Novice: 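Pasting a structure here, questions to come.
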Amino acid sequence: MPEKPDWKDSVYYYYCLKFSLSVYSMLFLFLGFVVLCVGAYAEVERMKLKTTDGIFLAPAVILLLLGIVMFSVSFIGMVGSLRDNLLLLKIFFWVLLVIFVFEVLMLLINVLFESEMKTLMQLNIREGIKHYYDDLDFKNILDYIQEKFECCGGDEYGDWGVNLYHSCNSTGPLACGVPYTCCVALKDSGRVRNTLCGFQVLNKERLELTDIIHVRGCVHAVIFWFKDNFGATIGLIFGILLPQVLGLMMTWLYWHKLTALCKYDTVDFSILKVFDFDALDLSGAGWCLCIPREDGYIPVSVDVDDINDCGELHDNPTLIDEIC
């Protein structure tokens, strides 16, 4: 009884990997393009407002860098899968692997060195608070976090004392106070919110302020939220890492499938010496040499019988030595 052929040796397995990896790369290429456009728009607006130049204080710069990385890496993967280019596939695989390992290491560092990471985040937020009214991006982000997580400052509400306008040594209505986003929200949503509800709170004790402002720092509030919502935290981690694992698996399988098919670690057909590469008729292939032609690109120096035999290459790989 003839042995049933392995599905992995069929042409369907090859095309399944090829188009799956191509679609995967195209999706992230589009996503990277969207992130890049949003980052570019935000950076233009930031420059118009002449906000501060620090990376931490410029989320637009982070979006730009993220969009560039996503778009570039996805483009390499898309072209490599469409053109069966082993070099591009290897670059895509190793770059994706480096990004994946970096993210896993950052996750482990956050878990193993939680106290040190807390201190680092608190210092960064305090630095951002100094420029709170100079950078609208940071201001909007911090205001959202303070309202969403019911917190104030980085480590505690006293962090607002480092801001020039909120310092107790300053003058004016904001002196020795905190922004209204630190205030305890009113139960009656129909009432007008008092934007000076944090007036003169920095020179008071915590117990006196529990009904006026949120005294807990945002670093602690965010960390407690992730710990209390463990399922959402795990879902977020897997949502970030699993697509990368999927891409690594498909790239690795497709890379080795191509290697098994051609038995050459290159896509430079001139090395195969099947025909005189310079004599190949490439008219109509375009500048990218990728536009298909109805009758194909027939090697000038190869006989028709040899071409028919080479068409059986996938069925009988031993013909490589006999014909090609």
Side-chain angles (χ1 to χ4, degrees), residues 19-83 85 88-110 117 120-121 124-125 127-128 131-132 134-149 218 222 225-226 229 232-251 254:
F19 290 112
S20 296
L21 184 57
S22 299
V23 171
Y24 172 88
S25 301
M26 288 179 183
L27 287 176
F28 279 91
L29 181 73
F30 176 75
L31 182 60
F33 180 75
V34 172
V35 173
L36 183 60
C37 291
V38 172
Y41 173 78
E43 177 64 11
V44 170
E45 293 298 317
R46 188 179 74 91
M47 296 304 294
K48 286 181 180 179
L49 297 172
K50 297 182 180 180
T51 55
T52 53
D53 297 327
I55 292 297
F56 179 78
L57 304 177
V61 176
I62 299 176
L63 287 176
L64 273 175
L65 294 176
L66 179 63
I68 290 173
V69 171
M70 291 181 62
F71 185 86
S72 302
V73 175
S74 301
F75 182 78
I76 292 173
M78 183 187 68
V79 175
S81 59
L82 290 175
R83 299 290 298 154
N85 191 308
L88 293 181
L89 287 174
K90 289 178 181 179
I91 294 175
F92 179 67
F93 176 83
W94 289 114
V95 171
L96 198 60
L97 181 62
V98 168
I99 295 174
F100 176 78
V101 171
F102 175 77
E103 292 174 350
V104 172
L105 287 177
M106 290 301 298
L107 179 62
L108 291 176
I109 289 173
N110 276 278
M117 294 304 297
L120 179 61
M121 287 187 290
N124 282 328
I125 292 178
E127 183 65 26
H131 307 278
Y132 177 75
D134 301 323
D135 189 88
L136 293 181
D137 290 333
F138 178 80
K139 181 180 183 298
N140 292 332
I141 291 174
L142 186 58
D143 284 343
Y144 174 79
I145 292 175
Q146 289 185 150
E147 289 187 314
K148 176 69 176 179
F149 295 95
C218 290
V222 172
W225 186 90
F226 279 113
N229 298 272
T233 304
I234 295 298
L236 179 63
I237 294 174
F238 275 89
I240 295 174
L241 296 181
L242 278 182
Q244 298 176 57
V245 174
L246 178 62
L248 286 169
M249 291 178 58
M250 289 192 298
T251 306
Y254 192 51

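Count residues from 1 along the sequence. These figures come from a predicted structure and were not determined experimentally.
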Novice: About how many Å separate CD1 of Ile68 and CG of Leu63, when rounded to the nearest 0.5 Å?
Specialist: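 Going from the CG atom of Leu63 to the CD1 atom of Ile68 covers 11.0 Å.
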
Novice: Atom OG1 of Thr251 and atom CE of Met249: how far apart are they, to the nearest 0.5 Å?
Specialist: 10.5 Å

Novice: Decide yes or no on side chain to side chain contact (heavy atoms under 4.5 Å, CB included) for Leu31 and Leu27, but give the supporting numbers first.
Specialist: CA-CA 6 Å; Leu31 182 60; Leu27 287 176; over 6 Å; no

Novice: Give the minimum heavy-atom separation between Gln244 and Ile240, together with the two atoms involved.
Specialist: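 Where Gln244 meets Ile240 most closely, the heavy atoms are NE2-O, 2.9 Å.
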
Novice: Closest approach of Ile76 and Leu88, non-hydrogen atoms and distance?
Specialist: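 Smallest heavy-atom distance, with atoms named: CG2-O, 3.4 Å.
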
Novice: What distance do Asn140 atom CG and Ile145 atom CD1 have between them, rounded to the nearest 0.5 Å?
Specialist: 11.0 Å

Novice: Could you label the plane-to-plane angle of the Phe71 and Phe33 rings as parallel, tilted or perpendicular, counting under 30° as parallel and over 60° as perpendicular?
Specialist: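 The arrangement is tilted - the two ring planes meet at 30° to 60°.
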
Novice: Would a 4.5 Å heavy-atom cut-off, applied to side chains only, mark Asp143 and Tyr132 as touching?
Specialist: yes

Novice: Could you work out, with ring pair (Phe, Tyr, Trp, His ring centres under 6.0 Å) as the rule, every residue matching Phe28, not counting sequence neighbours?
Specialist: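 With neighbours one apart ignored, the set is Tyr24.
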
Novice: Report the C-alpha distance between Met250 and Val23 in whole Å, list the side-chain angles of each, state the deciding distance to 0.1 Å, and finish with yes or no for side chain to side chain contact (heavy atoms under 4.5 Å, CB included).
Specialist: CA-CA 11 Å; Met250 289 192 298; Val23 171; over 6 Å; no

Novice: Assess whether side chain to side chain contact (heavy atoms under 4.5 Å, CB included) is satisfied between Phe93 and Leu89, documenting all intermediate values.
Specialist: CA-CA 6 Å; Phe93 176 83; Leu89 287 174; over 6 Å; no

Novice: Keeping Thr233 on the side-chain end and Phe226 on the backbone end, is there a donor-acceptor pair under 3.5 Å?
Specialist: yes

Novice: Check step by step if side chain to side chain contact (heavy atoms under 4.5 Å, CB included) holds for Trp94 and Leu97.
Specialist: CA-CA 5 Å; Trp94 289 114; Leu97 181 62; 3.5 Å; yes

Novice: Looking at Asn229 and Ala232, would you say the former's side chain and the latter's main chain have a donor-acceptor pair under 3.5 Å?
Specialist: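 Looks like no, no N/O pair under 3.5 Å.
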
Novice: Is it the case that over 12 heavy atoms from other parts of the model lie below 6.0 angstrom from the CZ atom of Phe75?
Specialist: no

Novice: How close do Ser81 and Ser22 get, heavy atom to heavy atom, and via which atoms?
Specialist: OG-OG, 3.0 Å

Novice: Can you give me the closest heavy-atom contact between Phe92 and Val73, atom names plus distance?
Specialist: CD1-O, 3.1 Å

Novice: What closest approach, in Å, do Cys218 and Gln146 show between heavy atoms, and which atom pair accounts for it?
Specialist: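 Answer, listing the atom of Cys218 first, then Gln146: SG-CG, 3.6 Å.
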
Novice: Rounded to the nearest 0.5 Å, how far does CD1 of Ile99 lie from CE of Met70?
Specialist: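 Met70 CE to Ile99 CD1: 9.5 Å, rounded to 0.5 Å.
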
Novice: How long is the straight-line distance from OG of Ser74 back to CG of Leu96, given to the nearest 0.5 Å?
Specialist: 8.5 Å

Novice: Nearest 0.5 angstrom please: Leu241 CG to Leu246 CG, how far?
Specialist: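 It is 12.5 Å, given to the nearest 0.5 Å.
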
